[in-house]
Amino acid sequence: MNRKVTLFAIIALLPFALLVVGFLMLPLFAMIHDSFLAADGRTYTLEQYIAALTSPYYSKGIVNSLKISLYSSFIGMVIAFVVSYSITRMSKKIQNFMITFSNLTSNFSGVPLAFAFIILLGNSGLFTLLFKEWGWSMTDTFSLYSWSGLVLVYVYFQVPLAILLLYPAYSGIHKQWRESAALLGASNLQFWTRIGIPVLLPSIVGTFSILFANAMGAYATAYALVGSNYNLLTIRIGSLIAGDVATQPQLGSALAVFLGLMMVAAMWINERLMQRFRRDLR
């Protein structure tokens, strides 16, 4: 009987295994293999990695991606931290509505999100023209197609995801803890600095690492918003692999390997920090 159950489980998992191998493992191995090829596609070399590390153009793309990921993740975390706590203070019906709304908005990204912001805040956007009618030219101080515009759009799709990840963590802070702390003379600030935030710290660290990886891998939103006018790592990879003028898939693969390594490093740092802050993982 056990052998039949095991055989059935293997057969049931076979489609999923084929999906993982066909759409994840094989492309990954092909990318790593191509990153060690010269421009002729036959000679093995390290020149693609050397070019990616020594070229100021591609190095700037890596730095810009790291900066926008860190900025948007930090701002998104601060906003989500406050909003998630506010949601827990509402009625159960409103909580369910807010979580459902956050779930919907967290999936609103990519090209539709970029077009929505263009319609609202672009050079001829709804709010841009409205503010102009009121005597304030928004384009004099803000441009959607600049660094600040990109950060704004990134924060928009980071906040709902952070809320979904942080909201359950607040259930670990029991009401009795606050009452006990108040009876012992602790202020609200002391409760959060000594009890609340330390309890939430593992969730905060884990959420930040997920937001960072989410921002690092974002491509469609940034490309639809600024095209190739802003130097981001994902945009550079896309232009090298599927550019309109000339393609360099080997160099694009090397940059993609760097992107993957940065993602793995972020996850590794998250794991180390989680082991430090969570007693059950020590």
Side-chain angles (χ1 to χ4, degrees), residues 20 24 62 65-92 94-109 151 153-218 233 258-282:
V20 171
L24 291 178
I62 296 174
S65 292
L66 289 172
K67 286 173 61 178
I68 197 170
S69 298
L70 290 172
Y71 274 96
S72 63
S73 299
F74 178 76
I75 297 173
M77 279 292 304
V78 172
I79 297 174
F81 184 82
V82 177
V83 173
S84 299
Y85 175 73
S86 300
I87 292 175
T88 61
R89 310 298 293 177
M90 301 175 183
S91 65
K92 200 65 179 178
I94 298 178
Q95 289 185 40
N96 293 334
F97 171 78
M98 293 299 296
I99 294 303
T100 302
F101 180 76
S102 298
N103 190 21
L104 290 173
T105 52
S106 67
N107 291 290
F108 184 58
S109 59
V151 172
V153 176
Y154 272 57
V155 169
Y156 179 87
F157 66 75
Q158 295 277 57
V159 170
L161 178 60
I163 291 174
L164 291 175
L165 295 173
L166 282 177
Y167 170 76
Y170 280 94
S171 61
I173 301 178
H174 302 291
K175 184 180 179 180
Q176 294 84 349
W177 295 356
R178 301 195 64 175
E179 295 173 350
S180 300
L183 289 173
L184 293 173
S187 64
N188 195 42
L189 178 62
Q190 289 175 323
F191 170 80
W192 282 107
T193 54
R194 299 188 180 185
I195 301 175
I197 293 179
V199 170
L200 294 173
L201 198 55
S203 298
I204 292 173
V205 172
T207 300
F208 184 86
S209 65
I210 293 174
L211 295 183
F212 178 81
N214 187 43
M216 281 294 295
L233 181 56
F258 279 124
L259 176 60
L261 290 175
M262 285 187 285
M263 297 261 192
V264 171
M267 295 298 104
W268 180 81
I269 293 173
N270 169 61
E271 183 66 23
R272 297 288 295 179
L273 291 174
M274 292 285 280
Q275 290 179 355
R276 180 176 180 179
F277 295 130
R278 287 183 57 179
R279 295 188 181 92
D280 57 316
L281 294 179
R282 294 177 183 175

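Hydrogens, waters and symmetry mates are skipped; everything else that's a heavy atom, side chains included, is used. Sequence positions, counted from 1, serve as the residue numbers for this chain.
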Asker: Working to the nearest 0.5 angstrom, can you tell me the gap between N107 CG and L164 CG?
Answerer: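 If I round to the nearest 0.5 Å, the distance is 8.5 Å.
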
Asker: Take M216 and I68 through the test side-chain contact (heavy atoms from CB on, under 4.5 Å) and record every step on the way to the result.
Answerer: CA-CA 8 Å; M216 281 294 295; I68 197 170; over 6 Å; no

Asker: For the atom pair CD1 (I204) and CZ (F81), what is the distance rounded to the nearest 0.5 Å?
Answerer: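 These two atoms lie 5.0 Å from each other.
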
Asker: Is the number of heavy atoms from other residues, nucleotides or ligands under 6.0 Å of F108 CZ greater than 12?
Answerer: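 Yes - once you tally the heavy atoms of other residues, nucleotides and ligands closer than 6.0 Å, there are more than 12.
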
Asker: Would you say S84 and Y170 make side-chain contact, with heavy atoms under 4.5 Å?
Answerer: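 With C-beta onward as the side chain, the pair touches.
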
Asker: Who are the side chain to side chain contact (heavy atoms under 4.5 Å, CB included) partners of N96, not counting sequence neighbours?
Answerer: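 For N96, the residues satisfying side chain to side chain contact (heavy atoms under 4.5 Å, CB included) (neighbours in sequence not counted) are K92.
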
Asker: Tell me, do V159 and V83 make a side-chain contact under 4.5 Å, heavy atoms counted?
Answerer: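 They are not in side-chain contact.
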
Asker: Can you list everything that forms a side chain to side chain contact (heavy atoms under 4.5 Å, CB included) with S91? Sequence neighbours excluded, please.
Answerer: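 Expected list: K93, I94.
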
Asker: Is the number of heavy atoms from other residues, nucleotides or ligands under 6.0 Å of F74 CZ greater than 12?
Answerer: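 For F74, atom CZ is not crowded (no more than 12 foreign heavy atoms under 6.0 Å).
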
Asker: The criterion is ring-ring contact (aromatic ring centres under 6.0 Å, His included); which residues satisfy it with F208, sequence neighbours excluded?
Answerer: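 Applying ring-ring contact (aromatic ring centres under 6.0 Å, His included) to F208 gives none.
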
Asker: Using side-chain heavy atoms (C-beta onward) and a distance below 4.5 Å, is V82 in contact with S86?
Answerer: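 Answer yes - side chains close enough.
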
Asker: For the atom pair CE (M77) and CD1 (I75), what is the distance rounded to the nearest 0.5 Å?
Answerer: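 Spacing of CE (M77) from CD1 (I75) equals 12.5 Å.
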
Asker: For Y71, what residues pass the side chain to side chain contact (heavy atoms under 4.5 Å, CB included) criterion, not counting sequence neighbours?
Answerer: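 Here the qualifying residues are K67, W147.
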
Asker: Using 0.5 Å steps for rounding, measure from the CD atom of Q95 to the CD1 atom of I87.
Answerer: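 Those atoms lie 7.5 Å apart.
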
Asker: With A215, which residues qualify under side chain to side chain contact (heavy atoms under 4.5 Å, CB included), at least two apart?
Answerer: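 Result, side chain to side chain contact (heavy atoms under 4.5 Å, CB included) vs A215: S69, S72, Y154, Q158.
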
Asker: Which atom pair, heavy atoms only, marks the closest approach of G76 to A162?
Answerer: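 Closest pair (atom of G76, atom of A162, distance): O-CB, 4.2 Å.
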
Asker: Identify each donor-acceptor pair in which a side-chain atom of residues 191-200 lies under 3.5 Å from a protein atom, sequence neighbours left out, and give them as a table.
Answerer:
| unit_1 | atom_1 | unit_2 | atom_2 | d |
| --- | --- | --- | --- | --- |
| T193 | OG1 | L189 | O | 2.9 |
| T193 | OG1 | Q190 | O | 3.2 |

Asker: Between T88 and Y85 (side chain of the first, backbone of the second, donor and acceptor by atom type, cut-off under 3.5 Å), is there such a pair?
Answerer: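 Such a contact is found between T88 side chain and Y85 backbone.
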
Asker: Out of curiosity, S102 OG to L165 CG, how far, rounded to the nearest 0.5 Å?
Answerer: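 One gets 10.5 Å once the value is rounded to the nearest 0.5 Å.
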
Asker: Taking atom CD1 of I269 and atom CZ of F212, what is their separation to the nearest 0.5 Å?
Answerer: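 Result: 8.0 Å between the selected atoms.
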
